[in-house]
**Q** 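Below you'll find the structure I mean.
Positions are given from 1 along the sequence.
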Amino acid sequence: MKESLQIWCAQRLASHGWHREVPPERGISVPRALARLRSMEIEEPGALGWQMIGRLDQAQRDEAVTMLVLAFNAQWLDEQALSKWLTWLKEGGTRAPWPDDGDSAIWRARAPFAPIMVDSMATAGLERERTGHFLSQVWSIHERDELIRMLLWLAGQGHRHGWELDHQRFEAMSTAERLKWHASMAPQATYAATLEAFVVHGQPRDVAAWDWLRLVDLAWAGMAMGWLDQEEARNFAAHGVDLLTRRYDSWHAVAMAWQRGRSLHEGLDLMENFTDDWQLLLGASDSPWQRPLHQLLDDDLRASSRAMIRGLRSSARHWALAVASVRESDLLYRQSTAPAVSEEQRRQSREYLYEILDWRPEEGVAGLSRFWMPGQVHHLNQLASDAQHDRLPEIDTPFGMPSPELLAYRQELAACASVSATIIMAEKYAFHLQMFESADYGEDELLTRYYTRLAATLDRHYLCVDAMLEAWVRWEQTLPEDSTQESLVEDIEWHRHDPGSPFHWLTAPTGFQKEPGRRPSLSRFTALSLSGPLNAALWGEPDRQYGVQASEIRDWLDSHYGLGGTASLIRFLDFLVEAGDRQEYLINYGPYTLNQRRLRQEIAVLESAERSEDEGVHLERLRRVLKNDHHCNDIDMAAWDIAQLVDLAAAGRQLGWLSAEKFHHYLDQALQLASRHYSDWWAYGKGMLAGYSFFMVATPERHHFLAEFNHAMTAWQTGLPPLAGCWASLDFPGTQPRRWPPLHADTLPGDARILH
């Protein structure tokens, strides 16, 4: 330190009772210096920074000199820093010597918490005890990985995600809806009241600074704990500032957004206190924030920070995390290295796999591939392409018309013609993979492979992540809403426009990758669809089942068909191919259509005497012939046998009773029968409905069952709702293709080649 500065410093100290000590050569002991600082309510180095702002008049300068000398003797400041600060006070300059060397200026963003006077690991380490308590008690952070996950959460989602969406939704609510929302928010009543006040007073919904400034603060805390080195800490802080510069044009805008966030966090509107709370940082000429926000970050540090953040989110697993988190936002707490799974998480995830997906451990992660359904994507893409070219099926079908509500959705299909529906399928599959990870069944290497396949598929089908999100929004708006789940449109749009969202920081996988599941050929998919509304739509080739579903299939085959294994199933499938119920009608009932008098006599005989169960069934069917119920006497009912053939073959495949080759043999037989007996889906549907009605066992619910079947048939024929079934997007077997070529990479391939 220069002699002139020492003399000036000694003079200033003398005026405050320091008569014999001339710092720094003859300073006081560390314990005594610390005690003096605590008496001035300066508990740690961060608190000292606040004391340096606004010290420009003489009395305050003298007090600041005392604080600086005590801090030096407490070993909070080195001699170089002490000299800079004393020189600034002596010369009365307005540019306070906040750290500016190299990348140190980034810490000016931490000023709302504690202005940083010296940027070094050693200085940060002086705060370790207080910081450790703060991290464990306030943040529940106890080690490096937990800290990094929290830093990424603040950057990518934070509190702003829920708060900004609540603001947006509350703004659009009616009075009645607002009252209902308040009732549901009773445990968070103060937050709800503050949010309402913001909406009523026209406050912007933006609170991102609340997350991104805390990101900067936690980066310093990580360095204080020794969990982050100086470069890592600066990069995290730089990421926070990078995000701030992409949202705000000034420190004032940052402070306003922070104040809104703090208000919501505390459940108290603090906007009236804004001037008092922020006047020093925003107004003092010696404030760290006198350096403009957009001058804090140079290009090199920005590039280094972005590279680090992308690196932390570079695994393919982060694609699944990001996609699944749109519906389950808590998943973003699992970024970077996955945390250890708690017993409760393990239990809930396994319960989901067992009870919702009917998955069993013997299937492994590969068993989730049955939820990867390219056929469904093809169907949606084809509907959109047909809508664009005015080629959608007629809505006035022989089975009924879709509701006006569904017809309104149909008008939106054309808007999706240029965007693939792959993301609709991928969202659910990504969540299933996350549940498998949380269920803690191992198979880490194979799970990583499926994560990579998912990421590679999404990367291949969309030009960029924003294109994927745009496609997701369009399809969410187009597909009818699921009554059990809310629309994701607002959440997706939030991620599209928030610069910190993980979607903007994903890394595309490299190298050749398969899809997570099998992609059937177009003819296979068409054959599978021949089972129609007899069961849930088959969007892909059936896989082996192990759980409750397998037991239910086995019981159904036994109770309805008397089938107990491979041999009996194959015999029955061959019967359906060669003769089926259609032959029984032709032999036992067809002749009666030529002799009405004989038909009535037969009915009268059966009605007048005691009847066995079989005779009762025969009587019911004769009555249906007499009424020509559902045109059973005029329509070829082979479709009923074909649908059963596919449905039973699929069940046999799910139980492992049929090999893939045998299953495909019966699918080929079904295609041949369909093309030989019918010319289009309407005729096929009429035949299936007639067979379903004619061979149904008499039951009080018959009218209800037929109404449901008619409703399902309408949906399959018209594609409304789109995910009911796929006849509306497929050419009937044996007919000339009439479809407009879809503009998508994920259409189903022809039989001669596979897309991959």
**Q** If we only count heavy atoms from C-beta on, is the V118 to P99 side-chain gap below 4.5 Å?
**A** no
**Q** Which atom pair, heavy atoms only, marks the closest approach of L147 to L218?
**A**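 Distance-wise, the nearest heavy atoms are CD1-O, 3.9 Å.
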**Q** Does the pair D206 and M256 meet the rule for a side-chain contact (heavy atoms from CB on, under 4.5 Å), with working shown?
**A** CA-CA 9 Å; D206 169 52; M256 288 289 287; over 6 Å; no
**Q** Tell me if a side-chain donor or acceptor on R144 pairs with a main-chain N or O of W227 at a distance below 3.5 Å.
**A** yes
**Q** Below 30° counts as parallel, above 60° as perpendicular, anything between as tilted: where do the rings of W88 and W85 land?
**A**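 Perpendicular, since the angle between the ring planes exceeds 60°.
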**Q** For W505 together with H239, are the ring centres under 6.0 Å from each other?
**A** yes
**Q** Is a side-chain N or O of D78 found less than 3.5 angstrom from the main chain of A81, in a donor-acceptor match?
**A** yes
**Q** As a quick check of understanding, evaluate side-chain contact (heavy atoms from CB on, under 4.5 Å) for S263 and L268, giving each step before the final call.
**A** CA-CA 5 Å; S263 296; L268 181 65; over 6 Å; no
**Q** Just wondering, are more than 12 heavy atoms of other shown residues or ligands nearer than 6.0 Å to CD in E143?
**A**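 More than 12 within 6.0 Å, yes.
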**Q** Can you name the closest pair of heavy atoms from E127 and E44 and give their distance?
**A** CD-OE1, 3.6 Å
**Q** Should the heavy atoms of other residues, nucleotides or ligands under 6.0 Å from CG of L179 be counted, would the total exceed 12?
**A** yes
**Q** Quick one: does S329's side chain have a donor or acceptor within less than 3.5 Å of a partner on S325's backbone?
**A** no
**Q** Can a donor-acceptor pair be found, under 3.5 Å and without considering hydrogens, that links the side chain of T194 to the backbone of T190?
**A**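 A pair under 3.5 Å: yes.
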**Q** Inspect the contact between D491 and R327 and indicate whether a charged nitrogen and a carboxylate oxygen are less than 4.0 angstrom apart.
**A** no
**Q** If we check salt bridge (charged side-chain N to carboxylate O under 4.0 Å, His left out) with R205, which of these qualifies: E164, E171, E490?
**A**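 With R205 as partner, E164, E171, E490 yield a single salt bridge (charged side-chain N to carboxylate O under 4.0 Å, His left out), made by E171.
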**Q** Tell me if the CG atom of D299 is crowded by more than 12 foreign heavy atoms within 6.0 Å.
**A**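 No.
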**Q** Please confirm whether the ring centroid of H161 lies under 6.0 Å from the ring centroid of H495.
**A**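 For H161 and H495, the ring centres are under 6.0 Å apart.
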**Q** Compute the ring centroids of H182 and F170, then answer whether they are less than 6.0 Å apart.
**A**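 Ring centroids of H182 and F170 are less than 6.0 Å from each other.
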**Q** If you count the non-hydrogen atoms of other residues, nucleotides and ligands that lie under 6.0 Å from CD in E43, is the total more than 12?
**A**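 Buried by this count: over 12 neighbours within 6.0 Å.
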**Q** With no hydrogens and no angle check, do the side chains of S304 and N235 hold a donor and an acceptor under 3.5 Å apart?
**A**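 A donor-acceptor contact under 3.5 Å links the two side chains.
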**Q** If we count only N and O atoms by modelled type, under 3.5 Å, do the side chains of Q290 and R95 hold a donor and an acceptor together?
**A**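 No, no side-chain donor-acceptor contact under 3.5 Å.
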**Q** Tell me, with the steps shown, if V323 and F431 meet side-chain contact (heavy atoms from CB on, under 4.5 Å).
**A** CA-CA 8 Å; V323 169; F431 183 74; over 6 Å; no
**Q** I'd like to know if E177 and K180 make a salt bridge, using a cut-off of under 4.0 Å between side-chain N and carboxylate O.
**A** no
**Q** Just by distance, with hydrogens left out, do R496 and S501 show a side-chain donor and acceptor under 3.5 Å apart?
**A** no
**Q** Establish, yes or no, whether a centroid distance under 6.0 Å links the rings of H294 and Y248.
**A** no
**Q** Are there over 12 heavy-atom neighbours, none belonging to E129, within less than 6.0 Å of that residue's CD?
**A**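 Atom CD in E129 is not crowded, with 12 or fewer foreign heavy atoms closer than 6.0 Å.
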**Q** Please report the shortest heavy-atom distance between F503 and A322, naming the atom on each side.
**A** CZ-O, 3.2 Å
**Q** What I want to check is whether the side chains of H265 and W210 have a donor and an acceptor closer together than 3.5 Å.
**A**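 Per modelled atom types, H265 and W210 side chains form no pair under 3.5 Å.
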**Q** Identify the heavy atoms of Y333 and R149 that sit nearest to each other, and give their distance.
**A** O-CD, 3.3 Å
**Q** Kindly say whether the aromatic ring centers of W289 and W278 come within a distance under 6.0 Å.
**A**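 That pair passes the under 6.0 Å test.
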**Q** Could you point out which residue of W220, F134, W258 forms a ring pair (Phe, Tyr, Trp, His ring centres under 6.0 Å) with F113?
**A** W258
**Q** Would you say the side-chain atoms of E437 and Y451 include a donor-acceptor pair closer than 3.5 Å?
**A**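 Yes, side-chain donor-acceptor contact under 3.5 Å.
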**Q** Where is the tightest heavy-atom contact between S336 and I148, given as atom of each residue plus distance?
**A**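 S336 and I148 have their closest heavy atoms at OG-CG2, 3.7 Å.
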**Q** Apply side-chain contact (heavy atoms from CB on, under 4.5 Å) to L264 and R260, showing your working.
**A** CA-CA 6 Å; L264 292 172; R260 287 191 292 270; 5.6 Å; no
**Q** So which atom in G49 and which in W98 form the shortest heavy-atom distance, rounded to 0.1 Å?
**A** O-CH2, 3.3 Å
**Q** Would R214 and H159 count as a side-chain hydrogen bond (donor to acceptor under 3.5 Å, both in side chains) if you check the C-alpha gap in whole Å, the side-chain angles of each, and the deciding distance to 0.1 Å?
**A** CA-CA 11 Å; R214 289 186 300 158; H159 286 132; 3.0 Å; yes
**Q** Please determine whether the number of non-hydrogen atoms from other residues, nucleotides or ligands lying under 6.0 Å from atom CD of E3 exceeds 12.
**A** no
**Q** Decide yes or no on salt bridge (charged side-chain N to carboxylate O under 4.0 Å, His left out) for K84 and D101, but give the supporting numbers first.
**A** CA-CA 13 Å; K84 286 183 178 179; D101 297 337; 3.6 Å; yes
**Q** Between R234 and D119, is the closest basic N to carboxylate O distance under 4.0 Å?
**A**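 Yes, this pair counts.
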**Q** Are there over 12 heavy-atom neighbours, none belonging to Q230, within less than 6.0 Å of that residue's CD?
**A** yes
